[in-house]
Trainee: 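Supplied in structure tokens, the structure appears directly below.
Quick note on labels: first sequence line is chain A, next is B, and so on, each numbered from 1.
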Number of protein chains: 2
Amino acid sequence: MNKPATIKDIAKQLNISISTVSRAMRNAPDVNADTKRAVMALSEELNYQPNKLALSLKQKQTHNIGVIVPNLDYVLSTMVKGIDEVALEAGYTVMVCQSNESFGREIVNTRRLLDSLVDGFIISVSSETKVFDHFKKIQEKNMPMVVFDRVTPFLQAPGVKIDNEDGGFQATEHLIEQGYKRIAILAGPKNLGISNQRLDGYLKALKKYKIKPDSDLIIYCDFNQDYAYVATKELLAMKKRPDAIFTISDRMAIGAMLAIKEKGLRMPQDIGLVGFNNEPVTSLVTPTISSVDQPAFELGKVAAKLFIEAMHHDEDMNHIEEVLKPKLIIRESSQRIAPKNGRTK
Amino acid sequence: MNKPATIKDIAKQLNISISTVSRAMRNAPDVNADTKRAVMALSEELNYQPNKLALSLKQKQTHNIGVIVPNLDYVLSTMVKGIDEVALEAGYTVMVCQSNESFGREIVNTRRLLDSLVDGFIISVSSETKVFDHFKKIQEKNMPMVVFDRVTPFLQAPGVKIDNEDGGFQATEHLIEQGYKRIAILAGPKNLGISNQRLDGYLKALKKYKIKPDSDLIIYCDFNQDYAYVATKELLAMKKRPDAIFTISDRMAIGAMLAIKEKGLRMPQDIGLVGFNNEPVTSLVTPTISSVDQPAFELGKVAAKLFIEAMHHDEDMNHIEEVLKPKLIIRESSQRIAPKNGRTK
DNA sequence: AGCGTTGCCGGTAACGTTCTCGGAAGCTTA
DNA sequence: TAAGCTTCCGAGAACGTTACCGGCAACGCT
């Protein structure tokens with residue numbers, strides 16, 4: 001009983017044809033109930049597992065979804081969980097690959113999955129990626145492809161994202177309302193859409209309150225804690241230092257916080273701070289950090305639903321872009337005016 | 001140019017046989033250099049991608065590794081990154097599935113991957129899992145299977161883990177050296193190996209210093225922050241409350257910290273706290289939390305190496321169990337005696 | 001009795017590869 | 001010049017499955 005049993009073995013033992021066994025397996029209508037029972041019984045006994053490979057080869061689909069993400073931090077792994085949830089439900093298996101924010105790695109992963117392993121892709125692009133040929137190759141094979149979280153105008157594909165501009169706006173407006181005057185922003189890499197959109201929200205809020213943006217207060221830096229730490233130190237060393245900082249990720253907020261603490265400044269009194277993502281850590285540090293919450297799990301689910309849809313109907317869905325609303329969670333780091341109706345967490 | 005090009009198309013266009021094309025592709029020796037060049041050129045032009053499915057079907061191996069993990073938290077996602085690293089190097093693609101610590105989900109995932117999609121498994125078992133039949137099915141098909149991080153004696157398979165007992169010992173001894181007298185432990189679920197091993201280390205340390213273990217101070221609770229919070233509140237409500245707590249995960253340490261703060265106790269003066277995993281958050285909270293660091297990335301790499309080895313040579317490797325050493329990182333939450341040679345971080 | 005239905009089943013091609021075998025040229029050698 | 005050796009190539013089976021087509025009974029109907 002070494003080799004796994006095949007449909008052939010069953011046919012031979014039952015003295016019927018493989019076609020009949022195949023039909024019985026799929027519970028086709030035109031097969032006798034007795035035969036069906038016999039096949040079922042034997043396949044149980046032989047511990048028969050249909051060979052997905054052969055099936056996939058035949059019908060040219062694998063029921064696998066390739067998911068490519070830049071990393072598996074809190075937000076993205078939550079999104080992946082959402083994807084997994086509805087994918088499983090719909091009979092799909094997901095293959096997750098991390099690009100580690102590396103362009104090269106992203107290409108390798110794409111190629112690998114493209115080798116007829118998956119039916120399509122759900123992608124969040126790496127921050128390093130500026131050219132999208134490897135993804136366009138997917139579309140040329142007209143496989144369904146959905147982008148999520150980090151969508152980009154350079155990629156014509158159905159996508160789901162959060163309203164980053166609104167998030168940036170909420171954060172900035174909140175800081176303004178709290179009486180902060182010189183509000184800096186730690187934006188991410190310049191070519192990253194989500195970064196620029198959050199920046200746009202920031203600018204929009206400034207405009208609404210007639211505050212002239214100061215380019216010295218707009219810092220582009222890499223998406224991580226250490227860079228944010230350095231950038232914040234520089235900000236705080238300015239003659240006219242900012243009295244509030246909005247960072248477009250919580251990682252960066254943490255970096256900023258460390259720099260602020262090191263400088264001996266108090267939050268929220270001397271300086272206000274708002275992050276983005278609402279990672280658990282924001283409510284654990286002292287002071288707790290205000291942050292823009294995004295519905296990550298939900299976003300993952302929507303991404304997968306879009307994919308399934310694109311899979312089944314093949315109308316052009318490239319224009320579709322679902323947008324989910326983020327929501328600012330106010331905590332200690334930015335609240336220096338007592339709330340009207342105590343929303344603190 | 002809709003359907004993807006196959007080896008057949010190339011053969012037809014070049015007026016040669018498919019066998020020759022196949023050979024040329026694989027750079028076989030018995031094919032004319034000119035033919036080889038022609039094939040290469042045309043395959044380039046047609047954007048030919050070999051069909052991995054057909055290949056896998058033929059040679060009965062997929063070069064995929066099924067990785068099943070209970071979740072994708074900091075430690076595990078780091079380990080997965082390690083696995084990915086060496087797997088890619090060796091020409092394997094990993095398929096990650098989360099069981100969400102659910103027994104049922106674990107079974108579903110295993111079945112799914114078992115449907116001839118993968119050549120073998122690298123597994124970290126869910127905390128809910130008490131019976132291992134679904135994994136034994138893997139071994140019956142004699143596919144290679146490696147367990148990592150959470151290894152269990154109920155599963156005869158090569159594995160790699162950290163020396164959990166030593167980690168528990170280091171943490172507890174450190175607390176004792178710091179002068180704490182009543183040291184409690186928040187252990188995990190009772191059937192989880194890593195939980196019991198860390199507990200063993202705790203007991204060993206107590207024994208070494210001739211401290212009688214107190215069963216009231218040994219709490220089994222679920223592997224998460226909320227339970228730890230509740231458990232700690234109960235601990236602190238005792239008549240003779242503990243003056244130190246060792247938790248077997250940082251999540252739990254966070255929960256404990258919250259309860260301690262709420263009670264108005266100071267760390268490390270009134271109470272000491274040590275966690276496990278050395279997650280980044282431990283150095284961000286106030287006070288920073290001492291924690292046992294484990295070489296997660298390295299562990300993932302070792303797991304994958306073991307897998308590759310098991311894949312290629314088929315001697316019995318079930319006895320192999322690699323053990324990596326953890327290392328206590330001392331921070332504020334437990335250090336109330338000035339260090340001899342300032343190791344604080 | 002002839003006819004069309006219905007219910008059940010078998011044969012075979014096909015999916016895209018690789019692998020084994022055999023064989024046709026062209027060259028060298030005796 | 002026949003034998004043998006290279007060098008290169010083609011035919012066909014096989015991997016496990018499904019899909020299409022056709023066939024043969026048995027049955028009911030006119």
Trainee: Does A:Thr20 have a side-chain nitrogen or oxygen under 4.0 Å from the phosphate oxygens OP1 or OP2 of C:dC9?
Mentor: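 Looking at the OP1 and OP2 atoms of C:dC9, neither is under 4.0 Å from any side-chain N or O of A:Thr20.
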Trainee: Rounded to the Å, how far apart are B:Asp9 CG and C:dC15 C1'?
Mentor: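 B:Asp9 atom CG is separated from C:dC15 atom C1' by 13 Å.
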Trainee: Just by distance, no angles: are the side chains of A:Ser19 and A:Arg23 close enough, under 3.5 Å, to form a donor-acceptor pair?
Mentor: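 No.
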Trainee: What is the distance, to the nearest angstrom, from the CG atom on B:Asp30 to the C1' atom on D:dC5?
Mentor: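 In whole Å, D:dC5 C1' and B:Asp30 CG are 15 Å from each other.
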Trainee: Give B:Ile16 one of three labels, base, sugar-phosphate or nothing, depending on what nucleic acid heavy atoms sit under 4.0 Å from its own.
Mentor: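 If one applies the 4.0 Å heavy-atom cut-off, B:Ile16 turns out to touch the sugar-phosphate alone, with no base involved.
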Trainee: Under 4.0 Å, counting only non-hydrogen atoms across every strand here, what does A:Thr35 touch: a base, just sugar-phosphate, or nothing?
Mentor: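 Sugar-phosphate contact only.
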Trainee: Between CE of A:Met95 and OG1 of B:Thr93, what distance do you get to the nearest 0.5 Å?
Mentor: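 Going from CE on A:Met95 over to OG1 on B:Thr93, the span is 5.5 Å.
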Trainee: Atom CZ of B:Arg37 and atom P of D:dC8: how far apart are they, to the nearest Å?
Mentor: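 In whole Å, D:dC8 P lies 12 Å from B:Arg37 CZ.
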Trainee: Using a distance-only test with no angle check, is there a side-chain donor-acceptor pair under 3.5 angstrom linking B:Gln61 and B:Ser56?
Mentor: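 No, because no side-chain N or O of B:Gln61 sits under 3.5 Å from a partner of the opposite role on B:Ser56.
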Trainee: Distance-only criterion, 3.5 Å: show the donor-acceptor pairs between side-chain atoms of residues 29-41 of chain B and protein atoms not counting sequence neighbours.
Mentor:
unit_1, atom_1, unit_2, atom_2, d
B:Asn32, OD1, B:Asp34, N, 2.6
B:Asp34, OD1, B:Arg37, NH2, 2.7
B:Lys36, NZ, B:Asn27, OD1, 3.0
B:Lys36, NZ, B:Ala28, O, 3.2

Trainee: Just how far is it from atom CZ of A:Phe307 to atom CE of A:Met145, taken to the nearest 0.5 Å?
Mentor: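 The CZ atom of A:Phe307 sits 11.0 Å away from the CE atom of A:Met145.
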Trainee: What string of B, S and - do you get for nucleotides 12-18 of chain D, 5' to 3', when a contact is any protein heavy atom under 4.0 Å?
Mentor: B-BBBBB
Trainee: Parallel, tilted or perpendicular: which describes the rings of A:Phe132 and A:Phe154, with under 30° parallel and over 60° perpendicular?
Mentor: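 Parallel: the ring planes of A:Phe132 and A:Phe154 meet at under 30°.
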Trainee: C:dG16 P sits how many Å from B:Ile10 CD1, rounded?
Mentor: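 Taking atom P of C:dG16 as the reference, CD1 of B:Ile10 is at 12 Å.
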Trainee: Grab the NZ-C1' distance between B:Lys12 and C:dG16 for me, whole Å please.
Mentor: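 In whole Å, C:dG16 C1' lies 13 Å from B:Lys12 NZ.
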